[in-house]
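Below is one structure, written out as structure tokens; comments come after it.
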Amino acid sequence: MITISKPVIGEDEKKAVKEVLDSGFLAQGDLVEEFEKRFAQYVGVKYAVATNNGTSALHTALAALGIGRHDEVITTPFSFIATGSSVLMVGAKPVFCDIEQQTYNLDPRKIKGRITERTKAILVVHLYGQPCDMTPILEIAAHYHLPIIEDCAQAPGAEYNGRKVGSLGKVGCFSFYATKNMTAGEGGMLVTNDGETAEKARMIINHGQNKKYLHAVLGYNYRLTNIAAAIGVCQLQKLDEFNEKRRENASFLTDGIKTIKGLLPPRTNPVAKHVFHQYTIRVTNDFTLPRDTLKKKLNALDIGAAVYYPVPMHKQELFKRLGYTEDFPEAEKASEQVLSLPVHASLLEEDLERIVEVVCDA
Ligand SMILES: *Cc1c(COP(=O)(O)O)cnc(C)c1O
């Protein structure tokens, strides 16, 4: 089976976890602090606050920026549910904005039309590992004095104009779930250059506590464990290597399928460094098979092709029940046409050849 994702775990991770277990300090401690320091340095920001997952990092970011009831946050409908649900968690309203056809990311040209007097932030998602077109988005944000939150769950190490994602907006949020480009089993990180936001985030992830058993704000238990941080520290050291491998795999796949009629390989913005969390093609009507038939065919031949995401957020039952009725045509079209092929760092050359062969024969 050529799976759609596979974590790369070495002897160093196993040794690091064993050391934590032997130390007796399993919960938040020294290794969490070390992971935060190294991660902040890697992204190129002043502060990093580790969390127990990417969703809690997003929730914390929104709460730390004071976003709550009656506020609106502009975001993409074409992402994992946590992007939108984290906005609901603070009591605010996600206001969806359609995506670009080629990158599947928020369309900067459509953001202005979604801004109201209630808009309090723009939550961008660097989907599949490709940074959003940040120059125009940063301009809009500056003009309307709106903070940008970056959902970097799929894009650790990705760059825009030479700057790492997470350092471009006011706050960046990462996930270290097992399928992501680097993992800690579960885990997350919130990064920022703003000291006040970092301080608030640190309270929010620890029951709103500012001094021992003194609680200043509403908080949660969103702390990372030393066990997970030990894995995270090891993985961070290998992240660039993993990402290079993903990028090489992606260009191998593109070379193999680019001439097939009706299949569109991923397009990358020339000023962006794409880290290929997913290698996502578009299966158009000009292809010989419908998208779902191609997917089934690949799966039947033990290739874990998958659809991210088959239902855009505004069409999810959760949002329909909240009264969302607007259409976002590009997001809807993408959800009908996208197909992700395995691209992860542990694929062998023969796996890549096999994927290309099966797609070419379809
Ligand atoms: C994975 C993911 C998240 C959530 O991260 P968890 O660690 O699973 O909570 C949020 N946004 C996007 C775009 C993701 O891919």
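Throughout, numbering of the chain's residues begins at 1 and tracks the sequence. Whatever order the structure lists ligands and atoms in, that order sets their numbers, starting from 1.
- Considering backbone and side-chain N/O atoms, Q154 comes within less than 3.5 Å of an N/O atom of ligand 1.
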Checking F80 against Y177 for the ring-ring contact (aromatic ring centres under 6.0 Å, His included) test, could you report, in this order, the C-alpha distance in whole Å, the side-chain angles of both residues, the deciding distance, and whether it holds? CA-CA 13 Å; F80 181 57; Y177 182 61; 8.3 Å; no

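- Among residue pairs with one or both ends in residues 178-219, none qualify as ring pair (Phe, Tyr, Trp, His ring centres under 6.0 Å); sequence neighbours excluded.
- Of the N or O atoms in L127, none lie within a sub-3.5 Å distance of an N or O in ligand 1.
- E34 is not listed as a side-chain neighbour of D30, based on a closest heavy-atom distance of 4.5 Å or more.
- With respect to atom 11 (N) of ligand 1, the closest heavy atom belonging to the protein is D151 OD2, 2.8 Å.
- Applying the side-chain hydrogen bond (donor to acceptor under 3.5 Å, both in side chains) definition to pairs two or more places apart or across chains, those involving residues 337-350 are T280-S340, R282-Q337, H344-S346.
- By heavy-atom distance, the residue among F78, Y128, F80 lying nearest atom 3 (C) of ligand 1 is F80.
- Ring geometry for F39 versus F35: interplanar angle over 60°, hence perpendicular rather than tilted (30 to 60°).
- Both the backbone and the side chain of T55 come within 4.0 Å of ligand 1, counting heavy atoms alone.
- Protein heavy atom in closest approach to atom 2 (C) of ligand 1: K180 NZ, 2.7 Å.
- The N/O atoms of S175, backbone and side chain alike, include one that comes under 3.5 Å of an N/O atom in ligand 1.
- Ligand 1 lies nowhere less than 4.0 angstrom from a heavy atom belonging to G188.
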